[in-house]
Amino acid sequence: MATRHPGPLAGAIARTLLHRMGKQPAEALPRDWLDATILTVRDEIVERWVETTLATQRRALKQVNYLSLEFLVGRLLSDALRNLGRDGEVASALAELGVNLAEIEELEPDAALGNGGLGRLAACFMDSLASLGLPAFGYGIRYVNGMFRQRIDGSGQQVELPETWLAQGNPWEFERRDSVHRVGFGGAWHVVEDGRVRWSPAEYVEAIAVDMPVVGWRGRHVNTLRLWTARAIEPLRLDTFNQGDFAGALADQTRAETLVRVLYPNDSTPAGQELRLRQEYFFASASIQDIVQRHLRAHGTLATLPDKAAIQLNDTHPAIGVAELLRLLIDEHRLPYDEAWDITRRTFAYTNHTLLPEALESWPLPLLGRLLPRHLELIFRINADVLAEAQAGTGSDTAAVEAVSLIDERGERRVRMANLAFAGSHSVNGVAGLHTQLMQQTVFADLHRLYPDRINNKTNGITPRRWLLGSNPGLATLLSEAIGPAFVDDLAQVADIRPLAEDAAFRDRFAVVKQANKAALAAHVASLTGLNLDPAAMFDVQVKRIHEYKRQLLNILHTMVLYERMRAAPQLDWVPRVKLFAGKAASGYATAKQIVRLANDVARRVNADPLIAGRLQVAFLPDYNVSLAERIMPAADLSEQISTAGMEASGTGNMKLALNGALTIGTLDGANVEMREHIGADDMQIFGLTAPEVTRLRERGYDPRESLELLPELKAVLADLAAGRWSDGDQQVYASIIESLLTEDRYLLIADFATYDAAQAALDRRWSNRQEWTASAIRNVAAMGWCSSDRTIAQYAREIWRIAA
Ligand SMILES: *Cc1c(COP(=O)(O)O)cnc(C)c1O
């Protein structure tokens, strides 16, 4: 439809293509059009960004600084256009140029800045902060290769490939050569004049800020995502180079770049561990220096830091920042210890994301002392006060005193980052009600007794802009037609559709939207894997990182049992199911990788069996990321949230799926508990042991073999698996999985199998009454106003940061 006289916006995009990229429309590739579109839209965003920054300065507003090792932001163009309200205009302008907006949007790579729920939470929070007009900086690392891209090889195994999201440049970013900070490592500290301490690091790296704008809803407010990249102080040693030692000449630069190469380097080697700690300090130090510098420029004195800056630690990865701020205040700005500690504690707040002991971060004391000697000294100083308070409070209870210590003295001495974060913060929050309660009762029980006002709850949320308006335009349009558009500004209003669950005509329209989303996902899966999914079947999805506690294995074993049942009685009227799995297994996590392989082995066997054709299909979709999630959520009928009770901190996938009209099969874990309060018990399928029951069972002594005796079908499936019948005769591949199930079953799959099976059967019966199923799905959507991250962020603002939202 190219016209002779393009409109102003089309003209602007064509001029960007010519002037900034040096291309004529005739020679432009689709990716060039994408970049030209982003750069054109960016101009407007930058103007609003500057306005936001100036208004914040003029009004001397308190700012939020959200420190996170991950920001799983996904693609940015469609999000930015929607938030600016420009999607329609830009689509027409591009059409004038003969370009399809939806097609070029697909070419934008997902920003490879995160791994899973924690990183996605940070991204949803950034969206909500900007949408609520709260001035904020997100601080993180600009990973060149992210975590990894997941491929599934011919034998069904995960292969990790580098993510190359920056290969063609990143049109969203601005390198700030004036925001550069030196970060030191190693060396020693000594006392200089009047008792001051000076740390003389053995080496320095430079952190350079790379900023990306974060556009809020309706485009009124634009915040900053500031990511650090690293450069050697002396990137090239020319004398060494000229002597012919090229690698040596570039060694410092290589070391610097290693810091920002990948997220979560495998830390099973000492070198990997050291890299990880260096990375955390690099990021925390650069961010804290930056916050201090910006505050001083705006307000002149650090005494007001807690009034003008809140620092939120997203898990313990940036917790060394507590010691870094203290160090800067004392060593550089000459504040007395008590005043510095008071400022530090009033500025920091910490969000805990896990109770699993093996996931609580701690660093060997010698390693931390070698890399950060001055920080270790300050940690000892903080600890002395904490221990004194604990002794004063608990008297002779040495176990309680040991538990609050920042140093783990059992075995090799280690620094406990969670205890450092706890001690250095005025607020410590969990991410769902149950999780917060368990924090108080388990890992932080003694710290909680010592500082009883510190722990609070902020249940996670998701941004409805991406997870409803963006991912499910069909549903958004239907809602808007039915209840008006108010819900787009305030998701709580979505409650208005609840009565329409009783309206047959509305149910039909709702079902039509779901069906179209399923057809779209089926087409995508066909293009990815060659498998043609039956869009009439129940789409039963479990998509999330692969972890034993999330119990993908329970779902897979149940799928195997179901398959055997269908084979044994093919004449019966089975509810057709499509089982969808997606998720990455951490590269060093062998069991998780075997679970990926098993899902693929099961898929291969089931999908090839003509006897059950039309009844059961299984697919493992490779490389789960935000863009894939945006396709899956709107197409799901059933959401699997089946973690061992007490182990999932919150979950946000559960919320995305319910908001998109899936029913949940789940345990009373994480945010499922609160979802049930909002949705109502009748519209969720809850099963399994509760957290207190899990504790009691473990105390009583649990024998998985004994429980298995009552589950002959599961027993038979495990025997077949052991005999290699699901793995081309290979009896070794799954031997260790089976062994650990039979001897320990730490995640209680066997204990929960019967109730899970009963819950799945109940869902089959529900599915057979599709009107009622759809009504239930509608009530699920109606209840999800509460899950908006706008609600979560408003609570953080009021109760932790004390700023007006
Ligand atoms: C939402 C999301 C997650 C978190 O899923 P959970 O089910 O809460 O573990 C992980 N990865 C991606 C890409 C997501 O969008």
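Keep in mind it's a predicted model, so treat the numbers as computed, not measured. All ligand and atom numbering here is 1-based and tracks the order in the structure.
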*Asks:* How far is atom 12 (C) of ligand 1 from its nearest protein heavy atom, and which residue and atom is that?
*Replies:* Y624 CE2, 3.6 Å
*Asks:* Is the shortest distance from a Lys or Arg side-chain nitrogen in R142 or E173 to a carboxylate oxygen in the other one below 4.0 Å?
*Replies:* yes
*Asks:* Provide, to 0.1 Å, the distance between atom 8 (O) of ligand 1 and the closest protein heavy atom, together with that atom's residue and name.
*Replies:* T652 N, 2.7 Å
*Asks:* If the cut-off is 4.0 Å to any non-hydrogen atom of W467, which atoms of ligand 1 fall inside it?
*Replies:* 15 (O)
*Asks:* Among all protein heavy atoms, pick the one closest to atom 4 (C) of ligand 1 and tell me residue, atom and distance.
*Replies:* G117 CA, 3.5 Å
*Asks:* For G651, counting its heavy atoms only, list the atoms of ligand 1 lying under 4.0 Å from any of them.
*Replies:* 8 (O)
*Asks:* Has K550 got any heavy atom lying under 4.0 angstrom from an atom of ligand 1?
*Replies:* yes
*Asks:* Hey, is D110 close enough to R149 for a salt bridge, meaning N to O under 4.0 Å?
*Replies:* no
*Asks:* Enter the distance from T644:OG1 to D752:CG here, rounded to the nearest 0.5 Å.
*Replies:* 7.5 Å
*Asks:* Looking at atom 7 (O) of ligand 1, what's its closest protein heavy atom, distance included?
*Replies:* K544 NZ, 2.8 Å
*Asks:* How far is atom 1 (C) of ligand 1 from the closest protein heavy atom, and which atom is that?
*Replies:* K656 NZ, 1.3 Å
*Asks:* Evaluate ring-ring contact (aromatic ring centres under 6.0 Å, His included) for F687 paired with Y756, printing each intermediate quantity in order.
*Replies:* CA-CA 6 Å; F687 74 96; Y756 180 59; 5.1 Å; yes
*Asks:* Can you tell me the protein heavy atom closest to atom 6 (P) of ligand 1 and the distance?
*Replies:* G653 N, 3.7 Å
*Asks:* Considering only NZ, NE, NH1 and NH2 on the basic side and carboxylate oxygens on the acidic side, decide whether E640 and R551 come within less than 4.0 Å.
*Replies:* no
*Asks:* Side chain, backbone, both or neither: which applies to N625 and ligand 1 if a contact is any heavy-atom pair less than 4.0 Å apart?
*Replies:* backbone
